[in-house]
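Some notes on the structure that comes next.
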Amino acid sequence: MVTRVVYPGSFDPVTNGHVDIIRRAAQIFDEVIVAVFRNPQKKPLFTMEERVNFLIKATEGIKGVSIDSFTGLTVDYVKSKNAIAIIRGLRAISDFEGEFQMASMNKQIAGGIETIFFMTDTKYAFLSSSVVKEVAQFGGDIGDMVSECVHRALLEKFNVDKS
Ligand code: ADP
């Protein structure tokens, strides 16, 4: 049996913290579908197409990984893909409450779909898409936090002069 899991998220944009979770999940499961969530209530910095493309580039060479996007209930998407579980990442304690609530809700509405959590690597514990966007906006160096394509896109977006 192929073990397939779904790692859903906004990925606005993907950071090295996300890639670390993807790499570790791919070592355990046969197939990891990274699925960008289209949330009509959120106004992302990057378009769906940009976020998907960044993920494709950032995960190049990691075996068993594919990139997709979806809208609607995560659990419906997970079922449509015949996946066995949802993957999420945990950083600080502050992540716990929201993730616990969502995992419990998903399990209840979807007849037992489990969420599997990967603890962040300590070097990514303070890394988030929002922090990266904030630092980049004011010209801070984010080169070690994101992949090359995301770095370039952020510099362009905020018109930061590298010279
Ligand atoms: P959301 O899906 O809540 O909008 P993201 O797209 O940023 O948030 O993240 C998707 C998932 O990856 C979430 O479970 C989040 O906790 C996790 N995550 C984000 N950044 C990191 C990191 N640096 N280390 C570990 N997990 C992370």
Side-chain angles (χ1 to χ4, degrees), residues 1-39 42 44-71 74-75 77-100 102-103 106-107 110 113-136 140-155 157:
M1 189 185 104
V2 174
T3 53
R4 182 179 300 133
V5 291
V6 171
Y7 179 27
S10 312
F11 304 106
D12 184 38
V14 58
T15 69
N16 291 345
H18 295 125
V19 176
D20 179 59
I21 302 290
I22 297 167
R23 187 171 286 120
R24 287 159 59 198
Q27 280 169 0
I28 297 173
F29 303 103
D30 298 318
E31 291 179 15
V32 179
I33 304 173
V34 184
V36 185
F37 175 51
R38 192 188 296 274
N39 185 347
K42 270 192 188 172
L45 180 66
F46 292 105
T47 66
M48 176 60 81
E49 203 189 347
E50 287 174 313
R51 285 179 281 156
V52 165
N53 282 331
F54 294 151
L55 273 162
I56 292 173
K57 289 194 186 122
T59 60
E60 237 167 32
I62 310 177
K63 242 184 105 212
V65 174
S66 60
I67 314 299
D68 195 13
S69 62
F70 74 104
T71 185
T74 303
V75 287
Y77 176 77
V78 171
K79 280 184 189 165
S80 76
K81 293 289 168 189
N82 286 322
I84 56 163
I86 297 168
I87 299 296
R88 295 284 288 177
L90 279 181
R91 285 158 296 186
I93 296 171
S94 50
D95 275 345
F96 180 81
E97 199 172 347
E99 293 289 345
F100 177 53
M102 202 153 51
N106 283 338
K107 195 168 180 178
I113 284 198
E114 294 287 353
T115 303
I116 299 170
F117 292 98
F118 281 75
M119 206 60 85
T120 186
D121 187 304
T122 44
K123 57 178 184 282
Y124 303 123
F126 298 100
L127 187 50
S128 69
S129 299
S130 13
V131 160
V132 159
K133 284 182 279 194
E134 213 169 299
V135 173
D141 186 7
I142 46 140
D144 289 344
M145 304 175 200
V146 292
S147 47
E148 179 56 35
C149 58
V150 173
H151 191 189
R152 244 181 295 118
L154 280 166
L155 292 178
K157 185 76 81 183

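Hydrogens, waters and symmetry mates play no part in the numbers below; they use all other heavy atoms, side chains included.
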Between Ile87 and Ile21, does the side chain to side chain contact (heavy atoms under 4.5 Å, CB included) criterion hold? Intermediate values first, please. CA-CA 9 Å; Ile87 299 296; Ile21 302 290; 3.9 Å; yes
Trace of the side chain to side chain contact (heavy atoms under 4.5 Å, CB included) decision for Leu55 with Val36: CA-CA 9 Å; Leu55 273 162; Val36 185; 3.5 Å; yes
Applying side chain to side chain contact (heavy atoms under 4.5 Å, CB included) to Leu90 and Glu99, what does each step give before you reach the verdict? CA-CA 8 Å; Leu90 279 181; Glu99 293 289 345; 3.8 Å; yes
Tell me, with the steps shown, if Ile116 and Phe29 meet side chain to side chain contact (heavy atoms under 4.5 Å, CB included). CA-CA 12 Å; Ile116 299 170; Phe29 303 103; 3.7 Å; yes
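Of all heavy-atom pairs between Arg88 and Pro8, the closest is NH1-O, 2.9 Å. Annotation for Asp95 and Gly89: closest pair OD2-O, 4.2 Å, computed over non-hydrogen atoms. When all heavy atoms are compared, the tightest approach of Tyr77 to Ser69 is CE1-O, 4.3 Å. For the pair Ile67 and Val65, the tightest heavy-atom approach, listed with the atom from each and the gap, is CD1-CG1, 4.1 Å. Minimum interatomic distance between Lys42 and Ser10 (heavy atoms only, all atoms of both residues): NZ-OG, 3.5 Å. Between Phe118 and Ala25 the shortest heavy-atom distance is CZ-CA, 3.7 Å.
A distance of 10.0 Å separates OG1 in Thr120 from NE2 in His18, rounded to the nearest 0.5 Å. Residue Arg23 holds its CZ atom at 8.5 Å from CD of Gln27, rounded to the nearest 0.5 Å. Remark: Ser147 OG to Lys57 NZ distance equals 9.0 Å, nearest 0.5 Å. Remark: Met1 CE to Asn82 CG distance equals 10.0 Å, nearest 0.5 Å.
Proximity of Leu154 to Lys133: side-chain heavy atoms (C-beta onward) are separated by under 4.5 Å at one or more points. A heavy-atom distance below 4.5 Å is found between the side chains of Ile33 and Arg4. With contacts defined as side-chain heavy-atom distances shorter than 4.5 Å, the pair His151/Ile142 qualifies.
Of the possible polar contacts, one joining the Arg91 side chain to the Leu127 backbone as a donor-acceptor pair under 3.5 Å is found. Between the side chain of Asp20 and the backbone N or O of Asn16, no donor-acceptor pair lies under 3.5 Å. For the pair Arg51 (side chain) and Phe46 (backbone), a donor-acceptor distance under 3.5 Å is present. Arg24 places no side-chain N or O within donor-acceptor distance of the main-chain N or O of Val19, the cut-off being under 3.5 Å. Side chain of Asp30 to main chain of Thr3: a donor-acceptor pair is present (N/O by atom type, distance under 3.5 Å, no hydrogens or angles). Counting only distance, with no hydrogens or angles, the side chain of Thr15 and the backbone of Gly17 share a donor-acceptor pair below 3.5 Å. Remark: side-chain polar atoms of Thr47 are paired, donor with acceptor, to backbone N or O of Glu50 under 3.5 angstrom.
Side chains of Asp12 and Ser129: a donor-acceptor N/O pair is absent below 3.5 angstrom, by distance only.
Ring pair Phe70/Phe37 is tilted by interplanar angle, where 30° to 60° counts as tilted. Tyr7 and Phe11 have perpendicular rings, their planes meeting at more than 60° on a 0 to 90° scale where under 30° would count as parallel.
A salt bridge links Lys81 with Asp68: the closest approach of a Lys/Arg side-chain nitrogen to an acidic carboxylate oxygen falls below 4.0 angstrom.
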